[in-house]
Amino acid sequence: MPELAEVETIARNLRDGTTNSPGIIGKTIRDLVIHWHKTLAMPDEASAHSRAVGKEILSVGRRGKFIQIELDGNCYIFIHLRMSGDLQVISPSNEKIPGHIRAEWVFSDGSRLVFNDPRKFGRIWITDLPQDVVGKLGIDPFDEQLTIITFSSMLMNKHRQIKALLLDQTFLSGMGNIYTHESLHRAGILPRRDSSRLTVDEMDKLLGAIREVLTEGIMRNGSSIDWVYRGGDFQNYFRVYGRKDQPCPVCGTAIARTLVGQRGTHYCPHCQPEERSNEM
DNA sequence: AGCATTACCCGCACGC
DNA sequence: TGCGTGCGGGTAATGC
């Protein structure tokens, strides 16, 4: 699915508009149509309809990997794109309709916000209690309160494989499989290393690498992978993700693939070595 | 009890 | 045609 950089890009496009589509701030919802029942996680369809219809869109933002759309009357729409979701604004003049629409909001001006999601894993919540949906999310990687002091103590208080920990949304919110790979490679850390046993220098490098990779990802409008194209081109700058057997751009060693927590994991055996033993 | 890991599951499309 | 794989995450089971 889209990760932080892709979700951020989509949120910005919905808010500010693109050359092809207008933003949705200020639009009024005239109708909500659910095409695939399970896409609506909360509440039931009738309640969702009555909560959203007639409301004006006040803001669009991101919470972890959730898109947050604020409506007037203290109501929020949360959308999680999971693996294959995408959001597009379709104007009457801009009829390029995607093939797997699971839900859509129709606005009073005739334009629509469509939720396209081939794999049907994406979910929508409409609620006046945001904490029920995003309350358990960990700190955002760009949060100013996430200093190296905070980050290092967070890591030292856990004993988990560093890659699995970075993917845990209650620990840090927004990291996914791609950006985790790229961050660990840039920081020179093997994905299965124990988080609490990283050196302070490694923790410092890791936080910097996470922010660097996410910033570049956002700058390039995210990554476009598989058949789900979203307009970004960060995929052309991956150093390890999806590059099994190809040379590491830093040292030329063949990129290796393994499994960490049931998920494909790529790394450079030379740049990301095993932990050095402390024994003499 | 609480934490960490593993297995399985959920729809679909694509490459080999 | 069949099989493995995947920008994610929830649940259940197991082990420490």
Side-chain angles (χ1 to χ4, degrees), chain A residues 1-11 35-42 62-67 78-87 98-103 115-125 132-138 141 154-184 191-197 210 213-214 216-218 220-245 257-266:
Chain A
M1 121 157 201
E3 308 181 20
L4 187 153
E6 291 72 34
V7 176
E8 179 67 28
T9 299
I10 291 170
H35 297 286
W36 176 253
H37 182 68
K38 291 169 77 172
T39 293
L40 183 63
M42 245 253 308
R62 177 187 62 77
R63 298 285 295 275
K65 301 180 199 173
F66 291 80
I67 301 271
F78 287 100
I79 302 167
H80 201 301
L81 277 29
R82 291 280 174 89
M83 290 291 270
S84 65
D86 196 7
L87 289 166
H100 300 282
I101 299 179
R102 308 306 182 193
F115 179 42
N116 181 47
D117 183 24
R119 292 180 68 175
K120 298 178 176 172
F121 291 164
R123 293 291 182 266
I124 296 166
W125 294 257
D132 286 356
V133 182
V134 294
K136 291 181 179 174
L137 287 179
M154 284 166 61
L155 291 174
M156 286 188 281
N157 285 328
K158 296 284 185 180
H159 298 273
R160 295 182 63 183
Q161 297 176 125
I162 184 62
K163 188 204 171 192
L165 187 57
L166 294 179
L167 286 174
D168 183 339
Q169 300 300 297
T170 67
F171 179 78
L172 201 63
S173 58
M175 296 294 287
N177 214 26
I178 291 178
Y179 295 88
T180 298
H181 277 94
E182 298 299 318
S183 300
L184 288 170
R192 58 173 162 269
R193 294 269 304 281
D194 182 324
S195 60
S196 67
R197 300 191 52 149
I210 287 170
V213 165
L214 290 174
E216 283 182 34
I218 293 169
R220 300 193 182 282
N221 296 316
S223 313
S224 302
I225 303 291
D226 297 337
W227 74 102
V228 186
Y229 182 68
R230 287 188 183 74
D233 68 343
F234 190 57
Q235 71 278 10
N236 298 321
Y237 301 88
F238 291 166
R239 299 184 188 179
V240 283
Y241 181 83
R243 300 190 64 250
K244 176 176 159 60
D245 296 334
R257 180 182 186 277
T258 183
L259 284 180
V260 173
Q262 313 309 119
R263 307 206 48 193
T265 299
H266 299 258

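Values below: every heavy atom of this structure, side chains too, minus hydrogens, waters and symmetry copies. Note on naming: letters A, B, ... go to the chains in the order of the sequence lines (proteins, then strands), and numbering restarts at 1 for each one.
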Novice: With a non-hydrogen cut-off below 4.0 angstrom, is A:Arg119 in contact with a base, only sugar-phosphate, or nothing?
Specialist: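 The answer is base, as A:Arg119 lies within the cut-off (heavy atoms under 4.0 Å) of a base atom.
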Novice: What's the gap between C:dG4 and B:dA7 when it is taken at their P atoms, as a whole Å value?
Specialist: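 The same atom, P, in both gives a distance of 16 Å.
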Novice: Which class fits the ring pair A:Phe234 and A:Tyr179: parallel under 30°, tilted 30 to 60°, perpendicular over 60°?
Specialist: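 Rings of A:Phe234 and A:Tyr179: parallel, under 30°.
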Novice: In whole Å, I'd like the distance from the CD1 atom of A:Ile162 to the C1' atom of B:dT5.
Specialist: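 For the pair A:Ile162 CD1 and B:dT5 C1', the rounded distance is 16 Å.
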Novice: State whether A:His100 places a side-chain N or O below 4.0 Å from either non-bridging phosphate oxygen (OP1 or OP2) of B:dA13.
Specialist: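 For B:dA13, OP1/OP2 do have a side-chain N/O of A:His100 under 4.0 Å.
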Novice: How close or far is atom C1' of C:dG15 from atom NE2 of A:His159, stated in whole angstroms?
Specialist: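 The distance from NE2 of A:His159 to C1' of C:dG15 comes to 17 Å, rounded to the nearest Å.
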Novice: Is the charged tip of A:Arg220 near the ring of A:Tyr237: under 6.0 Å from the six-membered ring centre and within 45° of its axis?
Specialist: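 Yes, A:Arg220 and A:Tyr237 form such a contact.
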Novice: Take A:Asp194 and A:Lys158 through the test salt bridge (charged side-chain N to carboxylate O under 4.0 Å, His left out) and record every step on the way to the result.
Specialist: CA-CA 8 Å; A:Asp194 182 324; A:Lys158 296 284 185 180; over 6 Å; no
Novice: Under 5.5 Å between ring centres and under 30° between planes: true for A:Phe121 and the base of C:dG8?
Specialist: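 It does: the ring sits over the base of C:dG8.
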Novice: Would you mind reporting whether A:Leu172 and A:Leu166 have side-chain heavy atoms less than 4.5 Å apart?
Specialist: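 Result yes, sub-4.5 Å side-chain heavy-atom pair found.
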Novice: Check the phosphate of C:dG9 against A:Gln169, side-chain N and O only, distance under 4.0 Å to OP1 or OP2. Yes or no?
Specialist: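 For C:dG9, OP1/OP2 do have a side-chain N/O of A:Gln169 under 4.0 Å.
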Novice: Categorize A:Arg192 for me: base, sugar-phosphate, or nothing, with a 4.0 angstrom heavy-atom threshold over every strand shown.
Specialist: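 Contact class for A:Arg192: none.
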Novice: When the P atoms of B:dC10 and C:dT1 are considered, how many whole Å apart are they?
Specialist: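 One P to the other, the span is 24 Å.
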Novice: Check every atom of C:dG6, B:dA4, C:dG9 against the side chain of A:Lys65 and return the nucleotide holding the closest atom.
Specialist: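 When the side chain of A:Lys65 is considered, C:dG9 is the closest of C:dG6, B:dA4, C:dG9.
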Novice: OP1 or OP2 of B:dC10 sitting under 4.0 Å from any side-chain N/O of A:Lys38?
Specialist: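 No, because none of the side-chain N or O atoms of A:Lys38 sits under 4.0 Å from OP1 or OP2 of B:dC10.
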Novice: Can you measure A:Asp117 atom CG to B:dG11 atom C1' for me and round it to whole angstrom units?
Specialist: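 The answer, rounded to whole Å, is 9 Å.
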Novice: Taking atom C1' of C:dG9 as reference, at what distance in whole Å does atom CG of A:Leu4 sit?
Specialist: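 It is 17 Å, rounded to the nearest whole Å.
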Novice: Under a 3.5 Å cut-off for both distances, is C:dT1 Watson-Crick or wobble paired, and to whom?
Specialist: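 Across all strands, not a single nucleotide pairs with C:dT1.
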Novice: Using the closest heavy atom to pick a nucleotide of DNA chain B for each, name whichever of A:Ala164 or A:Trp227 lands nearer the 5' end.
Specialist: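 Nearer the 5' end of the strand: A:Ala164.
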Novice: Look at A:Asp168 together with A:Arg160 and state whether they make a salt bridge at an N to O cut-off of under 4.0 Å.
Specialist: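 Yes.
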Novice: Would you tell me if any nitrogen or oxygen in the side chain of A:Arg263 comes within less than 4.0 Å of OP1 or OP2 on C:dG6?
Specialist: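 For C:dG6, neither OP1 nor OP2 has a side-chain N or O of A:Arg263 closer than 4.0 Å.
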Novice: Find out whether A:Leu184 and A:Thr265 are in side-chain contact, i.e. whether some heavy atom of one side chain is under 4.5 Å from a heavy atom of the other.
Specialist: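 No, side chains not in contact.
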Novice: When the distance from CD of A:Gln161 to P of B:dT6 is rounded to whole Å, what number comes out?
Specialist: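 Result: 6 Å.
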Novice: Side chain of A:Gln262, heavy atoms from C-beta onward: which of C:dG6, B:dG11, B:dT6 has the nearest atom to it?
Specialist: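 When the side chain of A:Gln262 is considered, B:dT6 is the closest of C:dG6, B:dG11, B:dT6.
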Novice: Expressed as a whole number of angstroms, how long is the span from A:Arg102:CZ to B:dC10:P?
Specialist: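 For the pair A:Arg102 CZ and B:dC10 P, the rounded distance is 16 Å.
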Novice: In whole angstrom, give the distance that lies between atom CG of A:Asp168 and atom P of C:dG10.
Specialist: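 These atoms are roughly 10 Å apart.
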Novice: Over how many whole Å does the gap from A:Gln235 atom CD to C:dG6 atom C1' extend?
Specialist: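 Spelled out: CD on A:Gln235 to C1' on C:dG6 is 15 Å.
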Novice: Considering every strand and a 4.0 Å limit on heavy-atom distances, what is the contact class for A:Asn177: base, sugar-phosphate, or nothing?
Specialist: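 Sugar-phosphate, no base atom in range.
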Novice: Can you tell me whether the base of C:dG10 sits syn or anti, using the 90° cut around 0 to define syn?
Specialist: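 C:dG10: anti.
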